[in-house]
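Heads up: the structure comes next, in structure tokens.
Protein chains get the first letters and strands the later ones, always in sequence-line order, with residue 1 at the start of each. Model, not experiment: these values are computed from the prediction.
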Number of protein chains: 2
Amino acid sequence: MALESLVGYNLKRAYVILQNDYRAVMGDHGLSPRVFSALTFVVETPNLTQSDLARRLGIERSGLVAIVDELEGRGYLCRVAVPQDRRVQALSPTDAGVQAYEAALKLVHDHEDRILHTLDAVERAQLLHLLKKIRETGE
Amino acid sequence: MALESLVGYNLKRAYVILQNDYRAVMGDHGLSPRVFSALTFVVETPNLTQSDLARRLGIERSGLVAIVDELEGRGYLCRVAVPQDRRVQALSPTDAGVQAYEAALKLVHDHEDRILHTLDAVERAQLLHLLKKIRETGE
DNA sequence: TATTGTTATACTCTATAACTATA
DNA sequence: TATAGTTATAGAGTATAACAATA
């Protein structure tokens, strides 16, 4: 079967498996992968703007609006006006946002530990390394 | 950055990079990844039914209809009635389908060789091996 | 002129539910 | 009853194009 030797096919299948398990662990009302990623950037990056965030996530600004709306609706961040440039909205995490991020990160770690239990520490590090090499190529 | 050590995040980013390059190589009227995968199974598996194919691709039967419609519309396969069980349609590749498959496979190989040029043969084999380990876990 | 955030819109991929015809 | 193929429908996720406010 020619597909078995294709990286793209195996990458997609593996990605779908991780994603399904992620959603099962996070639950119906949990943060989706992209919203969790966005929250991570907001919590870890001071003075992040929406355009910055879209660039880092590799999506369009227009697509980010709904993500930021959701995080704001959950009370996890605030859009803060920036006096120096009145076009931009800085994204500032709330205390609830930081707590939700930490709780979610713990769940994500548990999920990855479980779904990747057949990979030992060396294999997991190898996999991360190889995936990052692909990322470096494509950007 | 917590995301950098997450397999799921890096898996998705790498997958998006491969997918974008795939589409660039195959062109606007080329076979999409899922249609190419379906055609591969049809060409390589005699007497394949739609339910079989959906199961192997990991999607629902309902979602497969449009894929088979497209391949039939391109003249790459025929839905063949099976006398033994008149519920099923066997999927039989045409000569044009086999030729299109072979041409597409060549393009896909070129695409993967190019986008993965920073990985040597050993790394690529490692990556395939690790991705398959994840697939085995999740099925 | 260019950029930020935003809205409107459309497209792809996928799932669920219900139908029909067969078994 | 159960299965194969099908249709209708809806929900993510994402992209493009255009707009107002601001630089």
Side-chain angles (χ1 to χ4, degrees), chain A residues 8-9 11-13 15-17 19-20 22-24 26-38 42 47-73 77-92, chain B residues 8-9 11-13 15-20 22-24 26 28-38 42 47-73 77-92:
Chain A
Y9 181 75
L11 202 53
K12 172 162 190 188
R13 297 298 293 250
Y15 162 64
V16 168
I17 287 164
Q19 196 189 223
N20 287 344
Y22 173 98
R23 290 183 195 279
M26 301 297 270
D28 254 14
H29 301 287
L31 299 174
S32 67
R34 66 192 197 145
V35 173
F36 170 72
S37 297
V42 170
N47 304 317
L48 187 68
T49 70
Q50 288 191 203
S51 290
D52 282 340
L53 181 50
R55 223 169 289 122
R56 295 193 200 210
L57 289 172
I59 63 174
E60 292 296 315
R61 279 172 302 148
S62 60
L64 191 66
V65 175
I67 297 173
V68 174
D69 283 350
E70 177 178 338
L71 287 170
E72 193 178 42
L77 63 75
C78 295
R79 286 169 158 110
V80 180
V82 175
Q84 296 89 332
D85 185 340
R86 285 159 57 210
R87 288 174 303 183
V88 315
Q89 306 263 70
L91 301 174
S92 179
Chain B
Y9 180 75
L11 204 51
K12 174 165 188 185
R13 297 298 293 251
Y15 163 64
V16 168
I17 287 165
L18 253 77
Q19 195 189 222
N20 287 344
Y22 173 98
R23 289 183 194 280
M26 301 297 270
D28 253 13
H29 301 288
L31 299 174
S32 68
R34 65 190 198 145
V35 174
F36 171 71
S37 298
V42 170
N47 304 318
L48 186 68
T49 70
Q50 288 192 203
S51 291
D52 283 340
L53 181 50
R55 222 171 289 123
R56 296 194 199 210
L57 290 172
I59 63 175
E60 292 296 315
R61 278 172 303 149
S62 60
L64 191 67
V65 176
I67 297 173
V68 174
D69 283 350
E70 177 179 337
L71 287 170
E72 193 178 42
L77 64 75
C78 295
R79 286 169 158 109
V80 180
V82 175
Q84 297 88 333
D85 186 340
R86 283 159 59 211
R87 290 173 302 181
V88 316
Q89 308 262 74
L91 301 174
S92 178

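- Among the atoms of the strands shown, base atoms are found under 4.0 Å from some heavy atom of Arg61(A).
- If you find the closest nucleotide of DNA chain C to Val65(A) and to Pro83(B), the one lying nearer the 5' end belongs to Val65(A).
- Contact annotation: Lys12(B) side-chain N/O to dG13(D) OP1/OP2 distance is not under 4.0 Å.
- Arg87(B) contributes no side-chain N or O that forms a donor-acceptor pair with the base of dA21(C) under 3.5 Å.
- dG13(D) atom P lies 13 Å from atom OH of Tyr15(B), rounded to whole Å.
- Separating the CG atom of Leu64(B) from the P atom of dG5(D) is a distance of 9 Å, rounded to the nearest angstrom.
- Between dT14(C) and Arg23(A), no contact under 4.0 Å exists linking OP1 or OP2 to a side-chain N or O.
- Of all non-hydrogen atoms in Ala90(A) and Val82(A), the two that sit nearest each other are CB-CG2, 3.7 Å.
- Checking Gly58(A) against Gln84(A), the closest nucleotide of DNA chain D that is more toward the 5' end is the one next to Gly58(A).
- Closest approach of Ile67(B) and Ala38(B) over heavy atoms only: CG2-CB, 3.6 Å.
- Rounded to whole Å, the distance from CG on Leu91(A) to C1' on dT6(C) is 14 Å.
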Q) Step by step, would you call Arg34(A) with Leu57(A) a side chain to side chain contact (heavy atoms under 4.5 Å, CB included)? A) CA-CA 8 Å; Arg34(A) 66 192 197 145; Leu57(A) 289 172; over 6 Å; no
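- For Ser62(A) against dT16(D), a side-chain N or O and a base N or O form a donor-acceptor pair under 3.5 Å.
- Across the interface with DNA chain C, nearest-nucleotide mapping of Arg86(B) and Gly63(A) shows Gly63(A) to be the residue nearer the 5′ end.
- One atom, CD1 of Ile59(B), and another, C1' of dA15(C), lie 11 Å apart when rounded to the nearest Å.
- A 6.0 Å sphere centred on CG of Asp85(A) holds more than 12 heavy atoms belonging to other residues, nucleotides or ligands.
- Listed by first and then second residue, the salt bridge (Lys or Arg N to Asp or Glu O under 4.0 Å) pairs that reach into residues 55-68 of chain B are Asp52(B)-Arg55(B), sequence neighbours excluded.
- Computed from coordinates, the Arg79(B) CZ to dA4(D) P distance equals 15 Å when rounded to whole Å.
- Note: CD (Glu60(B)) to P (dA4(D)) measures 12 Å, nearest angstrom.
- Among dG5(C), dG5(D), dG13(D), the nucleotide with an atom closest to any side-chain atom of Ser51(A) is dG5(C).
- Within the 4.0 angstrom heavy-atom criterion, only backbone atoms of the sugar-phosphate kind lie near Gln50(A); the bases stay farther away.
- Counting to the nearest Å, the P atom of dC13(C) and the CD atom of Glu70(B) are 9 Å from each other.
- Across the protein-nucleic acid pair, Asn20(B) atom CG and dT12(C) atom C1' stand 13 Å apart, rounded to whole Å.
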